[in-house]
K.L.:
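Next up is a structure, given as C-alpha cells.
Throughout, protein chains are lettered first and strands after them, A, B, ... in sequence-line order, and every chain is numbered starting at 1.
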There are 2 protein chains.
Amino acid sequence: MKAKNILLKYNLSITTGRLNILEIFLNNEMALSEKDIQDKLIGVCDRATIYRTLKKFKDTGIVHPIATEGMITKYVLKKEPEEHLHFKCTDCGKIMCLPEVQMKNYELPSGFTKKESNFLVIGTCNNCNN
Amino acid sequence: MKAKNILLKYNLSITTGRLNILEIFLNNEMALSEKDIQDKLIGVCDRATIYRTLKKFKDTGIVHPIATEGMITKYVLKKEPEEHLHFKCTDCGKIMCLPEVQMKNYELPSGFTKKESNFLVIGTCNNCNN
DNA sequence: ATTATTTTTGCAACAATGTCGCATTTTATA
DNA sequence: TATAAAATGCGACATTGTTGCAAAAATAAT
C-alpha cells in the first residue's frame with residue numbers, strides 16, 4: 001500500500017513529513033529508531049516532528065514498538081499476524097520481525113491476564129551467519 | 001543467598017555500594033531501573049556508581065535486563081530457569097518474572113541462530129485484577 | 001476558489017537516562 | 001602493614017524523550 005493511502009486509511013492528514021517517514025518504513029525491513037529516521041531526513045524534518053509522528057503512528061496502529069533491552073525505542077510497520085516474534089542480531093545490531101514463525105500460547109498463572117506480547121529472540125541473523 | 005556470598009561467588013570485590021544494591025534486589029520481586037534504586041539510596045550511593053554497578057552485575061550475570069518498549073532499562077536477579085517469561089502490568093506498571101511458566105521452543109527461519117530470548121507479556125497482574 | 005478553522009511543524013528549552021575521565025578513597029594482595 | 005588494583009564521587013556531556021508556543025500548512029466551510 002502506498003504511503004498516502006495508509007494515511008487516508010487511518011484518517012491522518014497528509015503532510016510531507018508523514019509521507020517521508022512512512023516511505024522510509026515502507027522501504028526498510030528493519031526496526032527503526034527516531035535517530036535512524038532523523039539521519040535519513042536531515043534538513044527535511046525536525047526532531048520534534050519525527051518524535052510526534054512516531055507517537056501518532058503508534059497510537060493509530062500504523063507502527064508498533066519493539067521491546068529491547070536497550071534504551072532506544074524502535075518501531076516497525078504493523079503486519080500480519082499481529083503477534084509475531086522479533087529478532088535482534090548481536091552481530092549487525094539490526095532488529096526485525098519474523099512473522100513467519102508460528103506463535104505459541106502460554107498459560108499464565110492465575111490472576112494474570114494478557115493483552116498483548118512482545119517476544120524478542122536474540123542471536124545472529126541469516127545475513128551475519130555466513 | 002546472602003548479598004555478600006553472591007559477590008564472592010561472582011568474584012566481585014565487596015563494597016558497601018554493591019551490598020546495598022544487591023540487598024535491594026534481594027528484597028524486591030519486581031524489575032528495577034537505575035532510578036528505582038537511586039530513590040532508595042539517596043545520599044548513600046552516587047548515580048554513576050549505581051550505573052556502573054548495574055552494568056557490572058549484568059556483565060557478570062548476577063542480574064539480567066528485561067526488554068520493554070520504553071526507554072528505561074530494568075533489571076532483575078537471574079533465576080532458574082534461565083529462560084522465562086516476563087510480565088508487565090499496564091495497571092501498576094510493575095515488571096516481574098514468571099519463572100513458573102514453561103517456555104516453548106521456536107523453529108527459526110533458516111540462517112537464524114538463537115543465543116537467548118527475552119519474552120514480555122503485557123496485561124494486568126494478579127494484584128490489579130481484583 | 002477563497003476564507004476560516006484545525007492540525008502540524010519548527011524552534012527552543014528542559015528532564016531523564018546513559019556514559020566517561022579523573023582524582024580520591026576503598027578493597028584486595030603481597 | 002605497605003602496595004597494587006579496583007571502586008567511588010564528582011562533574012561534564014551525549015542522547016532520547018517531551019512540551020509550549022508562534023508560524024505554516026492542511027482540511028473544512030462558505
Side-chain angles (χ1 to χ4, degrees), chain A residues 2-24 31-60 62-76 93 95, chain B residues 2-24 31-60 62-76 93 95:
Chain A
K2 290 250 274 295
K4 188 172 171 185
N5 295 48
I6 295 177
L7 293 178
L8 288 170
K9 175 180 167 191
Y10 285 92
N11 254 41
L12 298 180
S13 36
I14 318 290
T15 70
T16 46
R18 287 178 181 168
L19 290 173
N20 280 328
I21 294 172
L22 252 183
E23 214 59 71
I24 290 174
L32 300 169
S33 66
E34 186 198 305
K35 182 68 165 50
D36 295 331
I37 293 171
Q38 244 184 84
D39 292 344
K40 293 174 193 283
L41 292 179
I42 295 172
V44 179
C45 235
D46 187 69
R47 205 167 73 83
T49 300
I50 297 174
Y51 167 73
R52 281 186 284 228
T53 300
L54 252 21
K55 198 173 183 179
K56 179 133 282 188
F57 282 4
K58 185 184 70 174
D59 292 343
T60 54
I62 295 179
V63 302
H64 72 269
I66 289 187
T68 65
E69 316 98 321
M71 66 182 278
I72 300 171
T73 309
K74 295 217 175 208
Y75 299 92
V76 287
I95 297 177
Chain B
K2 291 252 272 292
K4 188 172 170 183
N5 296 45
I6 295 177
L7 292 179
L8 288 170
K9 176 181 168 193
Y10 285 91
N11 253 40
L12 298 181
S13 35
I14 318 289
T15 70
T16 46
R18 287 178 181 169
L19 290 172
N20 281 328
I21 294 172
L22 251 185
E23 216 55 75
I24 290 174
L32 300 169
S33 66
E34 187 198 304
K35 181 68 164 53
D36 294 332
I37 292 170
Q38 242 183 83
D39 292 343
K40 294 172 192 286
L41 292 179
I42 295 171
V44 180
C45 235
D46 186 68
R47 205 166 75 80
T49 302
I50 297 175
Y51 167 74
R52 280 184 283 229
T53 302
L54 252 22
K55 198 172 181 175
K56 179 131 281 189
F57 282 4
K58 184 185 70 174
D59 291 344
T60 53
I62 295 179
V63 302
H64 72 269
I66 289 188
T68 64
E69 316 98 321
M71 67 183 276
I72 301 170
T73 310
K74 295 216 173 207
Y75 299 92
V76 287
I95 297 177

K.L.:
dT16(D) P sits how many Å from Ile72(A) CD1, rounded?
P.N.:
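Result: 5 Å.
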
K.L.:
Is any side-chain heavy atom of Val63(B) closer than 4.5 Å to a side-chain heavy atom of Leu32(B)?
P.N.:
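They are not in contact (no side-chain heavy atoms under 4.5 Å apart), so the answer is no.
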
K.L.:
Reckon Ser33(B) touches a base, only the sugar-phosphate, or nothing at all at heavy-atom distances under 4.0 Å?
P.N.:
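The residue Ser33(B) makes no contact with any strand.
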
K.L.:
Looking at CG of Leu41(B) and CG of Asp46(B), how far apart are the two atoms once the value is rounded to the nearest 0.5 Å?
P.N.:
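Result: 11.0 Å between the selected atoms.
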
K.L.:
Would you mind telling me which residue lines up with the more 5' stretch of DNA chain C, Thr53(A) or Lys55(B), judged by nearest nucleotide?
P.N.:
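By nearest-heavy-atom nucleotide position, the 5'-most residue is Thr53(A).
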
K.L.:
Does the side chain of Ile21(A) reach to within under 4.5 Å of the side chain of Phe57(A), using non-hydrogen atoms?
P.N.:
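Of all side-chain heavy-atom pairs linking Phe57(A) with Ile21(A), at least one is under 4.5 Å.
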
K.L.:
Tell me the interatomic distance from Asp59(A), atom CG, to dT18(D), atom P, rounded to whole angstroms.
P.N.:
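It works out to 11 Å between those atoms.
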
K.L.:
Are the side chains of Lys35(B) and Ile72(B) in contact, using a 4.5 Å heavy-atom criterion?
P.N.:
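Of all side-chain heavy-atom pairs linking Lys35(B) with Ile72(B), none is under 4.5 Å.
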
K.L.:
Any side-chain heavy atom of Glu34(A) sitting closer than 4.5 Å to one from Thr73(A)?
P.N.:
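With C-beta onward as the side chain, the pair stays apart.
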
K.L.:
Any non-hydrogen side-chain atom of Thr53(B) less than 4.5 Å from a side-chain atom of Ile37(B)?
P.N.:
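Counting from C-beta outward, Thr53(B) and Ile37(B) never come under 4.5 Å.
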
K.L.:
Can you tell me how far C1' of dA5(D) sits from CG of Asn11(B), to the nearest Å?
P.N.:
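About 14 Å, once rounded to whole Å.
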
K.L.:
What about Arg47(B), does its side chain sit under 3.5 Å from the base of dG11(D) through a donor-acceptor pair?
P.N.:
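By the distance-only test, no, there is no pair.
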
K.L.:
Heavy atoms under 4.0 Å, any strand shown: does Arg18(B) hit a base, just sugar-phosphate, or nothing?
P.N.:
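Touches sugar-phosphate only.
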
K.L.:
Taking CD from Glu69(B) and P from dG17(D), how many angstroms apart are they, rounded to a whole number?
P.N.:
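Those two atoms, CD and P, are 13 Å apart.
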
K.L.:
Can you work out whether Thr15(A) or Tyr51(B) has the more 5'-proximal nearest nucleotide on DNA chain C?
P.N.:
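This one resolves to Thr15(A).
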
K.L.:
Rounded to the nearest angstrom, tell me the gap between atom CG in Leu32(A) and atom P in dT16(D).
P.N.:
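Spelled out: CG on Leu32(A) to P on dT16(D) is 13 Å.
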
K.L.:
Taking heavy atoms of chain A and a 4.0 Å limit, find me the 5'-most and 3'-most nucleotide of DNA chain C within that range.
P.N.:
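Range of nucleotides within reach of chain A: dT7(C) to dG18(C).
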
K.L.:
Do Asp59(B) and Lys55(B) sit within salt-bridge range, that is, some charged N less than 4.0 Å from a carboxylate O?
P.N.:
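The answer is no: the pair does not qualify as a salt bridge.
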
K.L.:
To the nearest Å, how far apart are Leu41(B) CG and dT8(D) P?
P.N.:
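Taking CG of Leu41(B) and P of dT8(D), I get 12 Å after rounding.
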
K.L.:
Quick one: Gln38(B) CD to dG9(D) C1', roughly how many Å, whole number?
P.N.:
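In whole Å, dG9(D) C1' and Gln38(B) CD are 13 Å from each other.
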
K.L.:
Counting side-chain heavy atoms from C-beta on, which of dT19(D), dC10(D), dT16(D) comes nearest to Ala48(A)?
P.N.:
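The nucleotide sitting nearest to the side chain is dT19(D).
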
K.L.:
What's Thr73(B) touching, base or sugar-phosphate or nothing? Going by heavy atoms closer than 4.0 Å.
P.N.:
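Result for Thr73(B) = sugar-phosphate.
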
K.L.:
What is the distance, rounded to the nearest whole Å, between atom NZ of Lys35(B) and atom C1' of dG17(D)?
P.N.:
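In whole Å, dG17(D) C1' lies 15 Å from Lys35(B) NZ.
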
